[in-house]
Novice: 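Let me give you the structure first, and then I'll get to my questions.
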Amino acid sequence: MAKMTMVQALNLALKQEMEKDDRVIVLGEDVGLDGGVFRVTEGLFQQFGETRVVDTPLAESGIVGMSIGMAVYGLRPVCEIQFSGFDYHNFHQIENHAARLRWRSQGRFSVPMVLRAPYGGGVRALEHHSESREVFWAHIPGIKMVIPSGPRNARALLVSAIRDPDPVIFYEPKALYRAFREEVPEAQEALPIGRSQVVREGKDLTLIAYGAMMRPALAAADELMEKHGISAELIDILTISPLDDTLFVQSVKKTGHAMIIHEAPRSFGPGAEVSARLVEKAFFYLEAPVARVAGFDIPIPYFSRENAYLPSVSRIVRGARELLSTSLN
Amino acid sequence: MAKMTMVQALNLALKQEMEKDDRVIVLGEDVGLDGGVFRVTEGLFQQFGETRVVDTPLAESGIVGMSIGMAVYGLRPVCEIQFSGFDYHNFHQIENHAARLRWRSQGRFSVPMVLRAPYGGGVRALEHHSESREVFWAHIPGIKMVIPSGPRNARALLVSAIRDPDPVIFYEPKALYRAFREEVPEAQEALPIGRSQVVREGKDLTLIAYGAMMRPALAAADELMEKHGISAELIDILTISPLDDTLFVQSVKKTGHAMIIHEAPRSFGPGAEVSARLVEKAFFYLEAPVARVAGFDIPIPYFSRENAYLPSVSRIVRGARELLSTSLN
Amino acid sequence: MPRNPIEIPDRVEYLSVLDENGRLDPALDPVIPPDLLLKLYRGMVLGRQFDQRLLSLQRQGRIGTFPPITGQEAAQLGAVSVLRPSDWMVPSFRETAAEIWRGRSLESIILADNGFNEGTRVDADLNNLPVAIPVGSQVLHAVGLAWAIQYRHKDDVVMAFFGDGATSQGDFHEGLNFAGVYQTPSVFVCQNNQWAISVPRSRQTRSKTLAQKALAYGMPGIQVDGNDILAVYLAAKEAVNRARAGGGPTLIECVTYRLLMHTTADDPRRYRTDDEVALWSHRDPLVRFEKYLTEKGLLNPEKVASTLEAVLSQIQAAVDGAEAQMKQLGYPLDMFDHVYAELPPHLADQKEALVRELSLPGEDNNHG
Amino acid sequence: MPRNPIEIPDRVEYLSVLDENGRLDPALDPVIPPDLLLKLYRGMVLGRQFDQRLLSLQRQGRIGTFPPITGQEAAQLGAVSVLRPSDWMVPSFRETAAEIWRGRSLESIILADNGFNEGTRVDADLNNLPVAIPVGSQVLHAVGLAWAIQYRHKDDVVMAFFGDGATSQGDFHEGLNFAGVYQTPSVFVCQNNQWAISVPRSRQTRSKTLAQKALAYGMPGIQVDGNDILAVYLAAKEAVNRARAGGGPTLIECVTYRLLMHTTADDPRRYRTDDEVALWSHRDPLVRFEKYLTEKGLLNPEKVASTLEAVLSQIQAAVDGAEAQMKQLGYPLDMFDHVYAELPPHLADQKEALVRELSLPGEDNNHG
Ligand SMILES: Cc1ncc(C[n+]2csc(CCOP(=O)(O)OP(=O)(O)O)c2C)c(N)n1
Ligand SMILES: Cc1ncc(C[n+]2csc(CCOP(=O)(O)OP(=O)(O)O)c2C)c(N)n1
Ligand SMILES: [Mg+2]
Ligand SMILES: [Mg+2]
């Protein structure tokens, strides 16, 4: 076992899948010699050559549309969109085709492709480099949407995404690319898509988060316990769509209190669906409203004000305490 | 007052705004001589000429990107995207620019454009011609998203959209284009964007809908009263974003029961936000879970199965009765 | 070199083989074997007659909206007929004659026109993509397929179809540019039928020809008389051979005309003159080919009649077959099939809810 | 005409005026008045020196990532310098020298590079759009502005900037096609600096030149030596005059080179050789222009030194000014400004919540 950053872990996943399976092709802008602007594809060009690690012209719709054709032929393209803020350029290719070709051809064809893109704030980047818009993808039937939260699950989920028979949008929390290291086993590991995880057990309150927000959520859980004696259960959604509501529903039946945390804008965000599911499936257990700690409904400001936009530990802690105080009993 | 279809009412709105204001320009595919494939721009080309009613090449991103430039210059472009299923082609232009230029330029520029597109099912059309994906737009900060439900409010809301200083996505329920007529006054009428309406008062249950779903909702309200003695209040959202939650929150505080109806896919759909708002703002008044009667999480099937996909009167009635039976008291 | 014109390596040519009276330019004769010539003729007649039948079905409300192809038979069949079964065909939505040539059943087309998802199923043995309605978007899929063929060291080629309007789309640009960069075995066939619904070719782009757009991608372009099936065949053959031999992609512009409405929902009289239609009717590709084949002694009134008869009974059989099939189809629950490889839990729940609903009295009639 | 090459009406030319040693081709002299020549020289020096200063600020962590322009001064200034203030400039993100020429303050650039939204504010008297980071997307806005100018019967023109990589984007294609169809007063200036981050021009597209892509849109294209400010000026002048006179759009390809990194987050040594950089350093547009001006007697060592001095103190003043301003800026609540013309109720609530939060003890330090 080696201690790895998320970038290294993702790189390992790509490397091992490419070694095992010559259907796996990496393509995108600057993924070749440059190894990707975040170095996730580092060394792959040297190991696998330009026929399997393909630098493309600067055209996102082109990258995704070509990936669809490759996947229909039977390859397993893993394309990189340099930043999620630019994947709206290929939105029509995913909605109109990647998500529908299996269905349109009634099972004759399928589109086993992965679209990787770094998402989210926290790296003092330029405009369009800090967005969090996973709902755009989560609302499209026929595709899957995955967001890891650490090196180990990032590697294991990317492996599953590559092997998945359906298109997977794989958003990587760029704030965590090098934020911390984890033990990542050399032996291949795959984590099933469509399953959330309980990361911390608790009894008073259920925190629901994913991606980069798992860290403030975890820190908040600690602070809630240490400073306020509140025991928070923390759930990592991991797959945004299809959304696994079993664990957070179960948890809220136990705690009676729920808070969903995301950097995406609040309105029509992922938290809305989590809240709606809780109301549908755990209504009579809820002792207080489902709280949303989320990005504001504005474009994420340039980095000098970014921290005031992103959900912070203190915002979560305060929200949790208010939540418990508004509860019926 | 003349009885008009929604197509005629929308046409009237365009005609009168264009007569009043030479900044208003209509552009899109086939909007000129052809009058638009649904004839919403009928006669405008003949009245205003090709400099104000502009047939464009076949390129949605081009249409919207050009509209943005026109709006920045001070014009009021009203562009038509032939079907909402094709407006993903211009998604990046709206998200990256239309929604941000006021903000990016810190108030120097603005983008007072309207994007009109027919949306929704019910007209036995080809693939991509029956989608309902308003959430994609509702989740974007910096723009507004409006959906009328009848000839009169369609006309009055389109007028407001054209005059609005910010970009407005205006989805027209194509199933209602010619479904029925309403009295539409010759004198100009504007309905404020950002306000929902109580369409029918009731006390047992609150039905929340918009666009084409208002008709089955209304029919269901009738049937609930006539056959089951259930008094349903019906609210027409009208503006999807910014979402006006005041009326449905108020209403549910009175009825204790809420159902949201939309043809968009259920998960991460508009109903999720409505449910989340109700939980945040009327939690302690809710006597039962917020019910969602919505499209399934699949692409809307070709028209032979379309009716089984779309929320029907009977589905709403049944859901409402179940809802009232699951309630606490 | 202070100020000089730039030499552009790639060529853009115009090609025609049969004149408007069906007279052949011997120097350019693609020498197609008689049986293939007659097969092409039959394919054209079938395309033309199937349109007529679908039109009457549509008027009787027995099918929904569909896009006729009348006038474009030569531009479609001249192109696809040079493909091998193992090659790939990537259609837009107006290549009915070409799709049939490539093995798509008439029944499936009728099913699709009737709003049955089963109608766009693609048989396991056919290397065709289903129709792509978003204009221009399919061009990129064709490039991806061709890239994969190259990667697998196969010598198949991919032929993509699209219209004149499609050339305005970003995806057309990105697709041809990728094809140029990767030198994929691609043949891009533009059916320039002069109209994109109501927008004439002249308002679609200011470039004199669509073929010259190839120069932007470093590939050869050729404009052919699209109502001259021999010219289309010759240009397609050259392009396919070049692609197969590793010579890279080609853009072919077939100059043709949509003689009927855009779709049955369209009224062309709103935007074009009868004179224009009449003019192009005189260039009817089927009439021209008939003259040529008659000259050549391959066709005579009896043969024309028997071909028509055979085609009509084939169509009748297909209509009967499709209407029989449709009686068996349309069960609402099928709508959950093929969305994912495996039905995810939330869809299983939704399907279950629909099952319950359908089991209730009087529900089925509620769902057309 | 059975088989013939197609005549393409529009021309594609190559243009250079100063050779690599700064020697002028008199036949092509754009005869620029001395004061303008010196203003251009100063603008180039300012662009070059500002880059240097930003680089050191960035290394000291006093600003964030930014894209240097060194090597592209001539390609930028030769082009914008032909515009009137009432004309419009639509930049991408690497036109710092051009933006400054057009009136953008150095302070605002430093603010933007420091993550302050105030930095992309556009002053009321400037007809410039703010930077557009999504590659190629701004081309369409430029066409919309030009369309509106035409609609208002004004004789202003719109100059849009973009890179070689941008020519692969669908929006570039759609934009130039619209401009061709509507014959808008547009000048499209491609800064072909040979690289799109790590992707070389040769892998971006197979077309021999980028200028020839103009032929796809029925407009003239011209490729100029982008390190020759007189050639860029001449080509831009011709294009702007044509556009102003109603003669329609032009595509100008400036062949230049990005001498430094893509942005400060980039390491060019990963993908290009020092030799290549050295080769292009010998074609430095500033050195060449200096030689020419010295030859011409407009420049001498003293003038060079005094220009540098003036430029450096201007930069110093801007840095001081910006750092003073930034002390006053960054109050979190400002992030709600300018999202809508009027703050909608839900945002008022969200802002209110932030107000409450900020009023709590120890919250401000929580928000950098
Ligand atoms: C992206 C997109 N925009 C708009 C439409 C609506 N539409 C369908 S066909 C068509 C015209 C297509 O013209 P052309 O490419 O010339 O093909 P043709 O119909 O003439 O065969 C339009 C605008 C569409 N299907 N897809
Ligand atoms: C739509 C989009 N995709 C990707 C990026 C990331 N990116 C920023 S600059 C750049 C390269 C641009 O190359 P070019 O157009 O030649 O301009 P240059 O940087 O050389 O000035 C890329 C890929 C982006 N900003 N926008
Ligand atoms: Mg056409
Ligand atoms: Mg470049």
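Lettering of chains follows the sequences in order, A, B, ..., and the numbering in each one begins at 1.
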Novice: How close do Ser304(A) and Phe116(D) get, heavy atom to heavy atom, and via which atoms?
Specialist: OG-CD2, 3.4 Å
Novice: Tell me, for Leu347(D) versus chain A, whether the close heavy atoms (under 4.5 Å) come from the side chain, the backbone, both or neither.
Specialist: side chain
Novice: Heavy-atom pairs under 4.5 Å with chain A: which of Pro134(D), Gly64(D), Ala196(D) has the most?
Specialist: Pro134(D)
Novice: Please report the shortest heavy-atom distance between Gln204(D) and Pro57(A), naming the atom on each side.
Specialist: OE1-CA, 3.2 Å
Novice: Does Asp55(A) use its side chain to pair, donor to acceptor, with the backbone of Val199(D) at less than 3.5 Å?
Specialist: no
Novice: By a 4.5 Å heavy-atom criterion (distance strictly below it), what part of His346(D) contacts chain A: side chain, backbone, both, or neither?
Specialist: side chain
Novice: Rounded to the nearest 0.5 Å, what separates atom OG in Ser137(D) from atom CZ in Phe86(A)?
Specialist: 8.5 Å
Novice: Determine the option with the most heavy-atom pairs under 4.5 angstrom with chain A, choosing from Asn117(D), Asp171(D), Leu329(D).
Specialist: Asn117(D)
Novice: Would you say Gln350(D)'s side chain and Asp297(A)'s backbone share a donor-acceptor pair under 3.5 angstrom?
Specialist: yes
Novice: Which one, Glu60(A), His129(A), Arg124(A), leads in non-hydrogen pairs under 4.5 Å with chain D?
Specialist: Glu60(A)
Novice: Less than 4.0 Å between a side-chain N and a carboxylate O, is that true for Asp334(D) and Arg305(A)?
Specialist: yes
Novice: Which heavy-atom pair separates Leu33(A) from Tyr271(D) by the least distance, and what is that distance?
Specialist: CD1-CA, 4.1 Å
Novice: The test is side chain to side chain contact (heavy atoms under 4.5 Å, CB included); show your working for Gln169(D) and Leu58(A) and say whether it passes.
Specialist: CA-CA 6 Å; Gln169(D) 282 284 13; Leu58(A) 210 172; 3.4 Å; yes
Novice: Looking at Met335(D) and Tyr309(A), what are the two nearest heavy atoms and their distance?
Specialist: CE-N, 3.8 Å
Novice: Can you confirm whether more than 12 heavy atoms, excluding those of Glu342(D), are under 6.0 Å from its CD atom?
Specialist: no
Novice: Taking atom CZ of Arg52(A) as the centre, does the number of heavy atoms from other residues, nucleotides or ligands within less than 6.0 Å exceed 12?
Specialist: yes
Novice: Counting only heavy atoms closer than 4.5 Å, note whether Val339(D) contacts chain A via side chain, backbone, both or neither.
Specialist: side chain
Novice: Does Asp34(A) use its side chain to pair, donor to acceptor, with the backbone of Ser198(D) at less than 3.5 Å?
Specialist: no
Novice: Does the side chain to side chain contact (heavy atoms under 4.5 Å, CB included) test come out yes or no for Leu354(D) and Phe296(A), once each step is laid out?
Specialist: CA-CA 10 Å; Leu354(D) 184 54; Phe296(A) 300 112; 4.2 Å; yes
Novice: Below 4.5 Å from any heavy atom of chain A, which atoms of Asp164(D) appear? Answer side chain, backbone, both or neither.
Specialist: neither
Novice: Taking Gly330(D), Gly163(D), Gly170(D), Gly119(D) one by one, which has the highest count of heavy-atom pairs under 4.5 Å against chain A?
Specialist: Gly330(D)
Novice: Can you tell me which of Asp267(D), Thr65(D), Thr167(D), Thr120(D) forms the most heavy-atom pairs within a distance under 4.5 Å of chain A?
Specialist: Thr120(D)
Novice: With a 4.5 Å heavy-atom cut-off, do Arg318(A) and Leu360(D) have their side chains touching?
Specialist: yes
Novice: Is a donor on one side and an acceptor on the other found under 3.5 Å between the side chain of Glu127(A) and the backbone of Ile133(D)?
Specialist: no
Novice: Given that the side chain runs from C-beta out, which part of Tyr331(D) has a heavy atom under 4.5 Å from chain A: side chain, backbone, both or neither?
Specialist: backbone
Novice: Which atoms of Ser267(A) come close to chain D, meaning under 4.5 Å heavy atom to heavy atom: side chain ones, backbone ones, both, or neither?
Specialist: side chain
Novice: Does the side chain of Glu42(A) reach to within under 4.5 Å of the side chain of Arg270(D), using non-hydrogen atoms?
Specialist: yes
